[in-house]
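Presented below is the structure to which this report refers.
On a predicted model such as this, the values are computed, not experimentally measured, just so you know. Side chains included, hydrogens not; waters and symmetry mates left out as well; all remaining heavy atoms used.
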Amino acid sequence: MARAVVEPAVLELTRQYPRGRSFSTTVAFGGDDFSMCAHIRAQWAAPGQVRIALACWTVNKDAARFLGGSPPAQEEMRLPPEGTAEWDEELTSRVIGHLAARMNALAPARPTTDAHLTITVPLTLTQPG
């Protein structure tokens with residue numbers, strides 16, 4: 001998930017949004033039976049450094065939920081206050097650990113006050129050309 005979904009989303013966010021502002025998105029990765037979701041918040045921390053906050057969770061989408069009359073609701077794909085998802089600390093720790101290694105984090109992940117883990121990574125954007 002870190003390589004396939006989260007890292008590209010972080011890079012896209014930092015290209016699209018100006019320095020000094022916080023920006024966020026929610027992405028999903030999965031198959032027929034589940035989706036792994038990640039809420040990503042990024043902000044330029046200093047010149048050449050981006051602070052990334054991450055919370056991950058899974059949504060069960062197996063056939064039994066549909067046959068049982070309780071398919072996943074859209075709210076399960078979003079964290080509060082917009083949704084009902086609850087972060088999975090173990091999954092978040094694994095994903096941010098991989099992301100930290102791939103992006104050369106400057107320090108180990110730290111918890112935030114809103115159920116995310118955060119890292120700061122060096123990042124220099126180059127203009128496409």
Tell me, please, which residues at least two apart from A115 pass side chain to side chain contact (heavy atoms under 4.5 Å, CB included). W87
When rounded to the nearest 0.5 angstrom, what distance separates [atom1] in [X] from [atom2] in [Y]?
X	Y	atom1	atom2	value
I96	E89	CD1	CD	11.5 Å
I119	N104	CD1	CG	10.0 Å
R41	S24	CZ	OG	7.5 Å
E86	W57	CD	CH2	11.5 Å
M103	T120	CE	OG1	11.0 Å
I40	E12	CD1	CD	11.5 Å

Answer yes or no: is there a donor N or O on one side and an acceptor on the other, between the side chain of [X] and the main chain of [Y], under 3.5 Å?
X	Y	answer
T92	C56	yes
H116	D114	yes
S35	G30	no

More than 12 non-hydrogen atoms from neighbouring residues, nucleotides or ligands closer than 6.0 Å to CZ on R78, yes or no? yes
Shortest non-hydrogen contact from M77 toward V59: SD-CG2, 3.6 Å
Taking side chain as C-beta onward, heavy atoms only, is [X] less than 4.5 Å from [Y]?
X	Y	result
V6	V95	yes
R51	T118	yes
V27	C37	no

Salt bridge (Lys or Arg N to Asp or Glu O under 4.0 Å) with R102: which residues, sequence neighbours excluded? E7
Dump the intermediate steps for side-chain contact (heavy atoms from CB on, under 4.5 Å) on T58 and L91, then the final yes or no. CA-CA 9 Å; T58 58; L91 175 61; 3.9 Å; yes
Pair W44, F23 - check side-chain contact (heavy atoms from CB on, under 4.5 Å), show working. CA-CA 10 Å; W44 289 96; F23 32 91; 4.2 Å; yes
Under 4.0 Å between a side-chain nitrogen and a carboxylate oxygen: does that hold for R94 and D88? no
What verdict does the side-chain contact (heavy atoms from CB on, under 4.5 Å) test give for L123 and Q49, after you've listed the backbone C-alpha separation in whole Å, the side-chain angles of each residue and the deciding distance to 0.1 Å? CA-CA 5 Å; L123 187 63; Q49 295 180 4; over 6 Å; no
